Chemist: 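Here it is, the structure in full.
Because the structure is a prediction, the values reported are computed rather than measured. Both backbone and side-chain heavy atoms feed into the values below; hydrogens, waters and symmetry mates do not. By convention in this document, chain letters (A, B, ...) are assigned in the order of the sequence lines, proteins followed by strands, and residues within each chain are numbered from 1.
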Protein chains: 2
Amino acid sequence: MAKARPVKLGLSHLRITLSENFYIGPGRADLMELIAETGSISEAAKRMGMSYKRAWVLVQALNEGFGAPLVEASRGGTAQGASLTSAGREVLERYRGMQEATRRAIGRDVEALSALHADMSTRK
Amino acid sequence: MAKARPVKLGLSHLRITLSENFYIGPGRADLMELIAETGSISEAAKRMGMSYKRAWVLVQALNEGFGAPLVEASRGGTAQGASLTSAGREVLERYRGMQEATRRAIGRDVEALSALHADMSTRK
DNA sequence: CATCGATATTCCCATTCGGACATATCGAGG
DNA sequence: CCTCGATATGTCCGAATGGGAATATCGATG
């Protein structure tokens with residue numbers, strides 16, 4: 001049985017593709033944000049309800065896809081853990097900004113579609 | 001070997017989720033548009049480079065997910081083929097409008113990210 | 001130098017996804 | 001009533017996805 005993720009209504013996916021090898025979307029952004037917050041890939045993965053492996057693969061994709069690493073990780077010792085590089089912080093910030101701008105820009109249309117949808121659903 | 005689809009840069013995926021059972025994204029929108037243009041599910045599928053079955057599954061999802069059918073299809077005779085219902089046309093139009101509004105809203109950020117990306121890629 | 005916590009990496013396996021293919025169905029028209 | 005073109009569906013199979021577990025690695029610290 002699949003995990004029952006809560007459904008995010010309205011603007012649910014905004015993906016920006018910068019090249020053949022790199023894009024940033026909601027999942028990657030959330031992961032980056034959680035890494036920044038927790039300072040750990042494994043903890044971020046846990047909070048997102050995904051396996052460490054999956055999170056690690058995503059981090060790889062982020063780092064290798066972009067020209068420079070967005071997430072920096074070090075193992076061993078006191079400094080172990082992960083954090084965002086300055087490029088990573090900028091990418092994340094820009095993405096959040098785009099999400100907000102998009103929400104503002106399409107709010108009315110979403111409302112209209114929602115209304116149409118509700119309308120159609122009620123009348124059997 | 002997987003099909004080499006051309007990569008769409010910039011805003012590549014905009015998905016609007018209206019309920020647990022329905023969302024509209026770029027693939028579905030393109031399919032609807034091609035159905036409207038060609039008057040045929042199979043022809044639309046061919047142009048999108050996907051199997052008829054996949055297109056049919058998508059049409060099912062569209063029709064069952066939304067309260068009312070968005071795509072109408074009839075088989076046999078002269079009138080055979082498929083077309084959009086008025087609800088389908090409205091959904092498609094709204095979606096295209098949202099795409100445009102989004103592009104306008106995030107253009108600058110995309111540029112900035114693109115520049116950052118290019119910058120990072122060049123310096124080895 | 002043993003421990004600890006977190007990253008890094010590789011196998012193995014179940015599930016899902018999707019394509020190819022095969023039919024079945026339908027309805028106008030010859 | 002047979003053909004034609006397009007929709008409607010099911011089956012089979014290989015590819016891709018993703019999880020879980022098992023290891024390996026690293027470095028500060030006691």
Side-chain angles (χ1 to χ4, degrees), chain A residues 1-5 13 15 20-21 23 25-28 30-66 68-85 88, chain B residues 1-5 7 13 15 20-21 23 25-28 30-66 69-85 88:
Chain A
M1 169 178 1
K3 239 181 281 296
R5 281 179 312 175
H13 294 252
R15 177 186 294 184
E20 220 167 311
N21 306 310
Y23 70 81
R28 294 179 175 198
D30 288 352
L31 181 61
M32 285 176 70
E33 189 167 307
L34 281 173
I35 287 174
E37 281 180 26
T38 65
S40 156
I41 294 178
S42 62
E43 180 59 26
K46 190 177 304 176
R47 297 204 189 174
M48 292 210 45
M50 66 172 62
S51 64
Y52 170 81
K53 180 189 171 185
R54 175 150 178 63
W56 183 77
V57 168
L58 284 174
V59 167
Q60 254 197 331
L62 285 169
N63 286 344
E64 291 174 9
F66 207 76
L70 301 182
V71 175
E72 223 168 12
S74 49
R75 53 183 172 183
T78 306
Q80 75 185 326
S83 59
L84 300 189
T85 64
Chain B
M1 162 173 16
K3 238 181 283 297
R5 281 179 314 175
V7 178
H13 293 252
R15 177 186 295 184
E20 220 167 311
N21 305 309
Y23 71 82
R28 294 179 175 197
D30 288 352
L31 181 62
M32 285 177 71
E33 189 167 307
L34 282 173
I35 287 175
E37 281 181 23
T38 65
S40 155
I41 294 178
S42 62
E43 181 59 26
K46 190 179 304 177
R47 298 204 189 174
M48 292 210 43
M50 65 171 63
S51 64
Y52 169 81
K53 182 186 173 185
R54 175 151 178 63
W56 182 78
V57 168
L58 284 174
V59 167
Q60 254 198 331
L62 285 170
N63 286 344
E64 291 174 9
F66 206 76
L70 302 182
V71 174
E72 223 167 12
S74 50
R75 53 183 174 182
T78 306
Q80 74 186 325
S83 59
L84 300 188
T85 63

Chemist: In residues 34-43 of chain A, which ones come under 4.0 Å of DNA chain C, going by heavy atoms?
Modeler: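 Listed by number, they are A:Ser40, A:Ile41, A:Ser42.
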Chemist: Rounded to whole angstroms, how far apart are NZ on A:Lys46 and C1' on C:dG5?
Modeler: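 Distance check: A:Lys46 NZ to C:dG5 C1' gives 11 Å.
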Chemist: How many Å lie between CE on B:Met50 and P on C:dC21, as a whole number?
Modeler: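 Taking CE of B:Met50 and P of C:dC21, I get 18 Å after rounding.
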Chemist: Under the side chain to side chain contact (heavy atoms under 4.5 Å, CB included) rule, what do A:Leu31 and A:Arg28 come out as? Steps first, then yes or no, please.
Modeler: CA-CA 5 Å; A:Leu31 181 61; A:Arg28 294 179 175 198; 5.6 Å; no
Chemist: Grab the CD-C1' distance between A:Glu64 and C:dA8 for me, whole Å please.
Modeler: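 My rounded result for the distance is 13 Å.
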Chemist: Please give me the minimum heavy-atom distance between A:Thr38 and A:Ala44, naming the atom from each residue.
Modeler: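 Reported closest heavy-atom pair: OG1-N, 3.8 Å.
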Chemist: Of all heavy-atom pairs between B:Ile41 and B:Ala82, which one has the smallest distance, and what is that distance?
Modeler: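 Minimum heavy-atom contact is CG1-CB, 3.6 Å.
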Chemist: According to side chain to side chain donor-acceptor pair (under 3.5 Å), who are the partners of B:Ser40, at least two apart in sequence or on a separate chain?
Modeler: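 By the side chain to side chain donor-acceptor pair (under 3.5 Å) rule, B:Ser40 matches B:Ser42.
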Chemist: Sequence neighbours left out, what passes side chain to side chain contact (heavy atoms under 4.5 Å, CB included) with B:Ser74? Give chain and number order.
Modeler: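 B:Ser74 satisfies side chain to side chain contact (heavy atoms under 4.5 Å, CB included) with no residue once adjacent residues are dropped.
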Chemist: Tabulated below should be each protein N or O lying under 3.5 Å from an N or O of nucleotides 11-14 of chain D; please produce it.
Modeler:
| unit_1 | atom_1 | unit_2 | atom_2 | d |
| --- | --- | --- | --- | --- |
| D:dT11 | O4 | B:Lys53 | NZ | 2.8 |

Chemist: Which residues satisfy the side chain to side chain donor-acceptor pair (under 3.5 Å) test with A:Asp30, sequence neighbours excluded?
Modeler: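 Side chain to side chain donor-acceptor pair (under 3.5 Å) list for A:Asp30, sorted by chain: A:Arg96.
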Chemist: For the helix from C:dC1-D:dG30 to C:dG30-D:dC1, how many degrees between its two end axes (five pairs per end), to the nearest 10°?
Modeler: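 The helix from C:dC1-D:dG30 to C:dG30-D:dC1 shows an end-to-end axis angle of 10°.
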Chemist: To the nearest Å, give me how far apart OH (B:Tyr52) and P (C:dG18) are.
Modeler: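 Rounding to the nearest Å, OH of B:Tyr52 and P of C:dG18 are 17 Å apart.
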Chemist: Using whole Å, report how far CG of A:Leu58 lies from C1' of D:dG19.
Modeler: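 Rounded to whole Å, this separation is 14 Å.
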Chemist: Shorter than 3.5 Å, N or O on both sides, protein versus nucleotides 28-30 of chain D: list them out with atom names.
Modeler:
| unit_1 | atom_1 | unit_2 | atom_2 | d |
| --- | --- | --- | --- | --- |
| D:dA28 | O3' | A:Thr78 | OG1 | 2.8 |

Chemist: Which atom pairs, one a donor and one an acceptor, fall under 3.5 Å between side chains of residues 47-62 of chain A and the rest of the protein, sequence neighbours left out?
Modeler:
| unit_1 | atom_1 | unit_2 | atom_2 | d |
| --- | --- | --- | --- | --- |
| A:Arg47 | NE | A:Glu43 | OE2 | 3.1 |
| A:Ser51 | OG | A:Arg54 | N | 3.2 |

Chemist: Is any side-chain N or O of A:Arg75 closer than 4.0 Å to OP1 or OP2 of C:dA8?
Modeler: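 No, outside the criterion.
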Chemist: I need the CE-C1' distance between A:Met48 and D:dG18, as an integer number of Å.
Modeler: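 Rounded to the whole Å, the gap is 14 Å.
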Chemist: Among D:dG20, D:dA6, C:dG18, which is the nearest nucleotide to the side chain of B:Gln80?
Modeler: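 For the B:Gln80 side chain, the nearest candidate turns out to be D:dA6.
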Chemist: Could you walk me through whether B:Leu84 and B:Leu70 pass the side chain to side chain contact (heavy atoms under 4.5 Å, CB included) test, one step at a time?
Modeler: CA-CA 6 Å; B:Leu84 300 188; B:Leu70 302 182; 5.8 Å; no
Chemist: Quick one: list whatever passes salt bridge (charged side-chain N to carboxylate O under 4.0 Å, His left out) with B:Glu64, sequence neighbours left out.
Modeler: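 Salt bridge (charged side-chain N to carboxylate O under 4.0 Å, His left out) list for B:Glu64, sorted by chain: empty.
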Chemist: For A:Trp56 and D:dT25, give me the distance from atom CH2 to atom C1', rounded to whole Å.
Modeler: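 Atom-to-atom, A:Trp56 to D:dT25, this comes out as 13 Å.
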Chemist: I want to verify a distance call: between C:dT7, D:dA8, D:dG19, whose nearest atom is closest to the A:Ser51 side chain?
Modeler: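 Of the candidates, D:dG19 comes closest.
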